[in-house]
Amino acid sequence: MKDEHHELPQDSYTDMTYAEADGILDDLAYYRTLMVNVGFIGKPGAKEWVLIDCGINHYSARIIEAAEKRYGRVPPQAIILTHGHFDHVGSAKKLAQHYDVPIYAHPMEMDYLTGKRAYPVGNSTVGGGLLAILSPFFPTEPVNLKKWIHPLPEDGTVPFLKEWRVIHTPGHTPGHISLFRDRDKTLITGDAFITVKQESSMAVFIQHQHVHGPPAYFTPNWQEAERSVKKLADLNPVTVLTGHGLPMDGEVLQKQLNHLALNFKELAIPKHEKKLH
Ligand SMILES: [Zn+2]
Ligand SMILES: [Zn+2]
């Protein structure tokens with residue numbers, strides 16, 4: 001960290017609650033920013049760790065607080081973004097300024113992370129729970145992380161994370177990625193699939209676990225999204241951390257993920273979009 005006095009970013013939610021990451025595996029934890037998860041890869045107390053995604057706006061101080069409880073004042077080696085949607089990069093700029101570490105994303109996501117392009121505006125008739133809850137956090141302009149952003153290597157390796165590999169999972173966004181560790185079949189999906197029904201406000205608040213397709217409002221390419229879900233199901237993940245919803249593991253996860261992959265059109269694609277595919 002650059003600042004000697006350890007000033008936290010000026011953040012409107014700094015002192016609202018006590019922020020702490022929840023453990024999933026000994027070296028994987030997550031912290032929920034309103035209803036979007038960020039991931040911490042690295043055991044508690046480790047000197048080397050990596051932050052996955054940056055949550056919604058106004059949560060940088062809380063993410064830093066959760067990280068400090070786990071790692072002390074050790075900055076992450078890097079930040080890796082699953083994609084550039086506002087709910088995953090909302091606190092990215094403040095976190096990058098605070099930690100001053102590289103941020104990595106897929107080459108096809110670069111334009112959206114350097115202020116060059118905005119994502120297409122979704123069809124709000126397929127909105128619902130997630131959309132309604134996140135709408136106060138909608139940004140007015142695309143994020144610009146030019147100072148810190150680097151493209152992920154083309155060979156699928158992940159900087160600083162030797163055991164992990166990048167799985168390109170487009171559809172939800174062009175450069176959307178998931179991360180997979182073969183050793184114990186751990187998967188971080190971003191929004192390629194999620195474990196909460198995004199159209200239901202109730203499910204979002206109760207955090208009822210169930211495998212669902214990507215958030216509908218924000219997904220422009222359903223054919224690619226379907227291929228991506230099949231690709232992830234073929235990995236037979238044992239443990240998943242998704243961008244929205246609670247982590248899942250074991251047989252229930254595999255059963256529901258395979259069910260989604262096999263019945264993607266009925267289960268994930270919104271009705272009026274089905275006619276188009
Ligand atoms: Zn998204
Ligand atoms: Zn999301």
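Atoms within each ligand, like the ligands themselves, are counted from 1 in listed order. As a basis for the values below, the full set of heavy atoms in this structure was taken, side chains included, without hydrogen atoms, waters or symmetry mates.
Within a 6.0 Å radius of NZ in K43, other residues, nucleotides and ligands contribute 12 heavy atoms or fewer. For NE2 of H259, the number of neighbouring non-hydrogen atoms (other residues, nucleotides, ligands) closer than 6.0 Å is 12 at most.
When ring centroids are compared, Y112 and Y119 come within the 6.0 Å threshold.
Among protein atoms, those of element N, O or S found less than 2.8 Å away from the Zn ion (ligand 2) are D87 OD2, H88 NE2, D191 OD2, H244 NE2.
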Inset, instruction - Could you go through the side-chain contact (heavy atoms from CB on, under 4.5 Å) check for F264 and I269 one step at a time? - result: CA-CA 7 Å; F264 191 85; I269 305 181; 3.9 Å; yes

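Salt bridge R181/E163: present, at least one basic N to carboxylate O contact under 4.0 Å.
Of all the N, O or S atoms in H172, the one closest to the Zn ion (ligand 1) is NE2.
Aromatic ring orientation, H85 versus H83: perpendicular (interplanar angle above 60°, classes split at 30° and 60°).
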